[in-house]
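Notes follow the structure.
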Amino acid sequence: MRGIVRSMATTLGAFVRGPVTREYPEGHRPIPERDRAFPLLLWDFEIDEPYCTGCHACERACPVECMTVLMKDNPAHTSLGGNSSRRKIIDKFWIDYARCMRCNICVEVCNFDAIAMNNTWSGHETSVYDRADLVMDLPQLLAQHKAGAIDEWVAP
Amino acid sequence: MVANTPEQEFETRELLINMGPQHPSTHGVFRMVLGVDGEVVTDVVPYIGYMHRGAEKLCETMDFRQGVGYMDRTEYLANFNAELSYVLAVERLAGIEVPERAQWIRMILCELNRLSSHFMFTGAFGTDVGVFGTAFVYSFREREVILDLFEEITGDRLMYAYFRPGGLAWEVPENFETRVHEVLLSARHGIREMDSLLTENEIFLARTKGVGAISAADAVDWGMSGPSLRASGVPLDLRRDDPYLYYPQVDFDVITGEAGDVFDRYHVRLREMRESVRIIEQCMEHLSDGPILPERLPRMLRTPPGEIYERTEAPRGEYGIYLVSRGGNRPYRLKVRSACFSNLQALRDMTIGHYVADAVVILGSIDIVLCEVDR
Amino acid sequence: MGESLHSLFGDYLAVLLGTVIGFFLVFTALVATRVLAPFSPEREKGTTYECGMLPLRRASTNIGVRFYLYAILFVLFDVEAVFLFPWMLSFVELGAAAYYQMLLFILVLGAGLAYAWKKGALQWR
Amino acid sequence: MSPEEGAPDAAADDAARDYLETTIWAEVDRALSGITARPVTDEEERSVIDLVVRVPPREVVTALRALRDAQGMNFDYLRSLTAVDYEEEGVDVVYHLYSVETRHNVTVKCRLAADRLVVESATSVWRAANWYEREAQEMFGVRFEGHPDPRNLLLPEEMTDVFPLRKSHPLAEIEVLQGEGIAYEEGEL
Amino acid sequence: MNGDIFGLEINIWLDALVRLGLAVALMTVVVMALIYLERKVIARFQQRLGPTRTGPAGILQSPADALKLLGKEDLRPKNADPWVFELAPYFVFIPIFLVFVAIPFAFDWQIRVLELGLLYVLAVSSINIVGWVMAGWGSDNRYAMLGALRAAAQGISYELPLVLALVAVAMVVSLPGDVRGSLNLVEIVAEQGHIPYIVWQPLAFAIFYIAMLAELNRTPFDIPVGESEVVGGPFVEYSGIRWSMFFLGEYTALLLLSLRGAAVFLGGWAWPLGEEVADQNAALGLLYQFTLTAAKAGVLIFTIFWVRATMPRLRVDQLMAFSWKVLLPLTFAQIAANGLVLVYGWPDVVLLAASGGGLVLLAVIIDRAVRRPTPRPGLPSGGLEGEAVR
């Protein structure tokens with residue numbers, strides 16, 4: 001009987017203290033800086049082109065082979081009259097978010113700090129009706145940083 | 001559809017009850033067929049393998065850094081512990097010296113993970129015993145606090161991929177120590193609350209005492225490990241008996257039960273959480289500045305040929321990694337010895353002769369993670 | 001028709017009406033769902049829920065005798081409860097003798113319960 | 001970085017290994033009297049932290065039982081049982097034993113010829129071996145004679161001709177079988 | 001409008017019809033509110049928010065659910081027995097609905113004053129067990145079958161303590177003219193104007209409360225519908241509106257049993273000062289009496305929610321043993337003691353003493369006996385791996 005009374009008192013205490021959950025779509029919990037959603041590509045605002053040179057380092061390091069990288073000669077390279085020091089630049093880039101396991105290895109192996117993990121809520125809310133829509137192409141991967149909507153964190 | 005023949009008309013038959021794979025109480029996709037006579041279980045046949053993803057085979061194709069991420073997926077409630085076994089195996093095989101700070105942080109994180117895993121257990125177990133979600137929500141509340149800390153450190157709430165052969169992926173945030181103390185404070189409160197909600201409750205006692213008892217000899221014979229084994233009175237704790245990290249430098253008790261019944265398995269875990277809090281507090285005192293990775297670490301890690309069976313004490317028991325290397329940057333064979341796999345084998349022994357309702361409680365008391373069982 | 005009978009009928013008439021109304025409540029709900037809800041029968045929908053597996057065999061087999069024992073015990077004691085109702089309304093007027101007679105009856109049944117208890121009929125195996 | 005050049009406490013390692021290969025081996029050898037067992041001392045094959053003992057397949061269950069019942073250092077706890085495929089060299093069946101009392105480990109191995117993957121079941125020694133053997137059987141095709149319930153454990157029950165953990169079994173084909181990769185090309189499942 | 005049906009005036013029929021119509025309306029609204037409140041209250045006990053999405057603070061959750069259930073496909077398993085399966089909802093719902101006839105809400109506010117009201121209520125409300133068994137048997141589903149058997153076993157086992165606890169109270173009722181004992185619910189309530197019967201019969205109330213939880217299949221007695229064992233019990237195979245009939249029945253039963261408890265033990269509309277306020281001002285008095293009834297039933301319902309949020313579930317053998325070995329003997333003792341006191345005309349304080357002693361005994365039994373470890377009921381037989389089951 002004493003134990004039952006104690007249990008009842010415990011739940012009553014919780015009843016008085018009130019809820020600890022919050023209403024999800026209305027109120028988003030603040031998200032830590034290091035949060036890892038899905039990887040995205042960064043935009044070099046100085047030269048107005050992606051940082052990524054398409055060096056395949058991330059593609060090779062990816063444990064689940066969710067990336068596909070194609071590079072091309074950079075039309076904006078200084079030798080061609082542009083202002084970029086990158087001889088090669090990314091041509092096409094796909095990341096299959098459905099396969100990505102968010103291990104951060106691509107960020108670690110990148111020599112150009114061109115890729116980062118999305119640490120915003122929009123990076124988590126990626127529900128779609130068709131799995132094929134989770135295969136992100138280059139413009140989609142660049143969009144968020146290009147629009148300045150992300151304060152990225154790259155492991156030191 | 002089988003029609004009753006006149007001869008069978010009056011004989012009572014064993015009712016076969018299928019629990020799982022889609023049943024509210026099976027903790028994942030697990031199926032057991034219960035033979036039931038009235039309300040008493042006469043036979044149990046467990047079926048596993050619904051979650052088999054071939055993690056061992058996959059790891060054979062992955063280098064040692066990639067493999068860490070996969071270890072998370074074999075044991076999703078105690079990821080740090082799973083990662084730890086793997087990286088320790090690689091480090092010992094490759095002869096890598098890990099900096100002190102990294103080791104202490106690993107210990108803190110592993111013990112915190114044990115706390116979160118045991119919270120998860122008490123919650124799920126409360127539901128199995130029939131508390132309508134209250135224990136579950138309370139324990140999730142506490143677990144959430146721990147996961148928040150993990151997220152601040154690693155960036156992910158569940159699949160941390162934070163340990164690396166050699167140390168840690170990156171430094172913990174600056175406020176790490178204060179945050180850990182906050183978490184411990186709330187964890188202590190959570191343990192107390194769980195204690196007062198369940199441990200003394202007469203109905204809870206009536207449901208758990210004397211149910212699913214297994215003797216020490218049987219438990220050893222079945223290869224059980226972790227709290228499920230210690231509940232039977234076998235003081236086998238790899239943190240003390242087969243030390244790794246800096247466990248010999250901290251002071252903690254190995255908690256054992258007596259009867260080996262469901263209540264003991266629950267109570268051992270609850271008391272173990274207090275020990276974990278103690279361990280973390282001691283670790284915090286030892287924590288000092290320093291590097292988190294060795295100075296000379298090759299970009300692509302290779303191990304010499306050889307083999308190692310590295311075992312650590314995960315929340316559910318012995319999590320072993322049997323790593324065979326023939327040189328190169330990936331395992332030749334990787335075997336994951338999961339604790340639940342062995343513990344679950346004993347289910348039949350524990351359950352037969354009890355009531356149907358007890359079958360659920362006994363299954364819950366082993367604290368299975370089907371991901372780990374099936375790998 | 002006597003006055004008392006009339007009044008009794010008047011009181012329990014509501015019960016009759018209530019039965020009809022209750023029936024129609026359920027019935028209209030079922031009709032409404034027939035009208036409103038989609039209806040697309042499929043073979044899979046007709047299978048019995050068995051945790052995602054196909055049913056092993058029919059469920060309505062004969063069940064262990066344990067449940068029936070309680071039913072028999074219940075009938076015994078429920079009959080006693082029925083006797084208690086008229087007794088309860090009148091025993092004060094009837095005096096101590098009526099009380100002791102009923103007490104005896106209860107004791108006999110209590111002895112029966114004790115016997116069933118001792119025999120293990122109340123023990124679930 | 002190999003242990004010879006990099007590890008600062010190489011001397012301690014050597015001492016530990018020496019302890020394994022002399023003191024513990026002496027105990028194990030005493031328990032295994034009458035059985036052709038030998039410790040693995042080959043640098044390429046030995047375990048970093050445990051003593052590894054090789055036993056011929058015919059004698060393995062006898063050896064295991066002797067180790068379980070040995071006086072002093074009785075290895076009464078079966079941690080793990082698994083197999084390693086060495087392709088044409090055969091398949092190793094590996095038993096990891098532990099002594100609850102003395103807290104020592106020993107690894108027992110037996111090499112089965114690739115064309116005759118049969119070994120006696122250890123379920124009569126430890127009940128714990130039951131599921132491990134079933135798993136090794138379905139994954140490697142090692143037949144454990146005398147196993148009480150040799151059904152598949154993790155794989156579908158009728159899948160008895162495929163041994164996924166063998167080296168000869170391709171990883172990629174499974175994914176094709178499971179329908180992965182199709183979704184992205186055709187845009188639907 | 002003059003005329004007669006079965007020799008009764010049309011007015012009587014109309015009167016009954018109107019009152020029943022009011023009861024239907026009341027039931028629908030209150031049950032919906034109860035479902036919403038239970039979700040909110042239990043959520044609060046669990047430090048959650050509960051429903052929030054439909055309407056402000058989610059108050060439209062129940063109507064939304066009702067509409068959704070109405071629009072769901074009505075499935076019947078192929079193997080089910082069509083007649084039994086289809087008729088079960090009627091058998092569950094109608095008896096519970098009929099209980100309304102005799103429940104007093106305020107002075108002279110009830111559908112009918114039945115002279116044997118208490119007996120009638122008890123008789124009618126136990127019929128729904130038949131519906132449960134029908135649902136379980138008709139579904140041809142193992143969980144449903146097991147759930148139905150458990151429901152039946154539990155229902156009949158706790159029916160007795162419930163009935164006898166109420167009998168113990170009904171014995172004590174003292175009517176004008178030194179008559180003791182009444183089954184008329186209106187009289188029982190009216191007699192509690194000064195002191196409610198919970199004071200004189202605390203043991204009977206405790207037993208009634210426990211048996212009520214069991215009759216309602218509420219935690220800790222929810223084994224027939226135990227989610228983690230029999231996946232919802234007899235209603236596994238029911239869907240859509242047919243399932244909601246069971247749900248409606250369950251919550252109506254919750255409401256009615258609480259009202260019954262409020263009437264018999266807590267003084268219904270009469271205590272405190274129910275009649276006195278009505279004497280001062282009729283309209284205010286009516287409102288006050290309604291509030292009293294609702295508040296008392298509300299308190300009972302709240303405690304039921306509270307218990308549900310806290311307690312683990314008992315096991316079938318413990319449940320049966322508790323009823324037959326503890327509650328039943330205690331109710332007998334209670335009745336015998338009451339009889340003794342009444343026959344010799346001892347003061348009512350003796351009633352309190354006897355009943356209070358019994359209550360203490362009950363608490364001690366729960367404290368002690370339940371802590372004993374349960375031995376394994378059956379012994380293992382058969383080989384290492386079950387060939388029989390394969």
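Chain naming here is simple, since letters A, B, ... match the order of the sequence lines and numbering starts at 1 in each. The structure presented is a predicted model; accordingly, all values stated were derived computationally and were not measured.
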query = In terms of heavy-atom pairs under 4.5 Å with chain D, which of B/Met224, B/Glu310, B/Glu318 leads?
reply = B/Glu318

query = Of the backbone (N, CA, C, O) and the side chain (C-beta and beyond), which part of B/Ile308 lies under 4.5 Å from a heavy atom of chain D, both, or neither?
reply = both

ask   = Between B/Lys335, B/Met51, B/Arg311, B/Arg375, which has the largest tally of heavy atom pairs under 4.5 Å with chain D?
value = B/Arg311

query = With the threshold set at 4.0 Å, does a side-chain nitrogen-carboxylate oxygen contact exist between B/Arg333 and B/Glu56?
reply = yes

query = Which bit of B/Thr303 is near chain D, if near means a heavy-atom gap under 4.5 Å: side chain, backbone, both or neither?
reply = neither

ask   = Who wins among D/Arg68, D/Arg103, D/His96, D/Arg79 for the most heavy-atom pairs under 4.5 Å with chain B?
value = D/Arg79

task = Report yes if the side chains of B/Cys59 and B/Met71 come closer than 4.5 Å at any heavy-atom pair, otherwise no.
result = yes

key: Region of D/Tyr86 that comes under 4.5 Å of a non-hydrogen atom in chain B   = both

message = I need the residue from D/Leu155, D/Thr107, D/Asn105, D/Val52 with the largest number of non-hydrogen atom pairs under 4.5 Å to chain B.
response = D/Asn105

query = Are the side chain of D/Asn74 and the backbone of D/Asp76 linked by a donor-acceptor contact shorter than 3.5 Å?
reply = no

task = List the steps, then state whether side chain to side chain contact (heavy atoms under 4.5 Å, CB included) holds for D/Thr82 with B/Tyr309.
result = CA-CA 11 Å; D/Thr82 188; B/Tyr309 178 77; over 6 Å; no

inquiry  = I'd like to know if the side chain of B/Ser338 reaches the main chain of B/Glu372, judged simply by a donor and an acceptor atom lying under 3.5 Å from each other, with no hydrogens or angles considered.
reply    = yes

message = Test your reading of the model: is there a side-chain donor-acceptor pair from B/Arg53 to the backbone of B/Arg73, 3.5 Å cut-off?
response = yes

query = So, for B/Tyr319 and B/Asn81, which heavy atoms are closest and what is the spacing to 0.1 Å?
reply = CD2-O, 4.5 Å

ask   = Looking at B/Leu344, B/Leu238, B/Leu301, which has the largest count of heavy-atom pairs under 4.5 Å with chain D?
value = B/Leu344

ask   = Is there any residue in residues 322-332 of chain B with a non-hydrogen atom under 4.5 Å from a non-hydrogen atom of chain D, and which ones are they?
value = B/Tyr322, B/Val324, B/Arg326, B/Tyr332

Region of D/Val94 in contact with chain B, defined by heavy-atom distances below 4.5 Å = side chain

request  = Look at the side chain of D/Glu133 and the backbone N and O of D/Ser121, then say whether any donor-acceptor pair between them is shorter than 3.5 Å.
outcome  = no

query = When you measure from the side chain of B/Gln103 to the backbone N and O of B/Tyr246, does any donor-acceptor pair fall under 3.5 Å?
reply = no

ask   = CG/D/Asp50 to CG/B/Asp242 distance, rounded to the nearest 0.5 angstrom?
value = 7.5 Å

message = Using a strict threshold of under 4.0 Å (side-chain N to carboxylate O), is an ion pair present between B/Arg265 and B/Asp367?
response = no

remark   = Applying a strict 4.5 Å limit to non-hydrogen atoms, the region of D/Leu165 in contact with chain B is both

key: Residue part contacting chain B, namely of D/Val100, when any heavy atom lies under 4.5 Å   = side chain

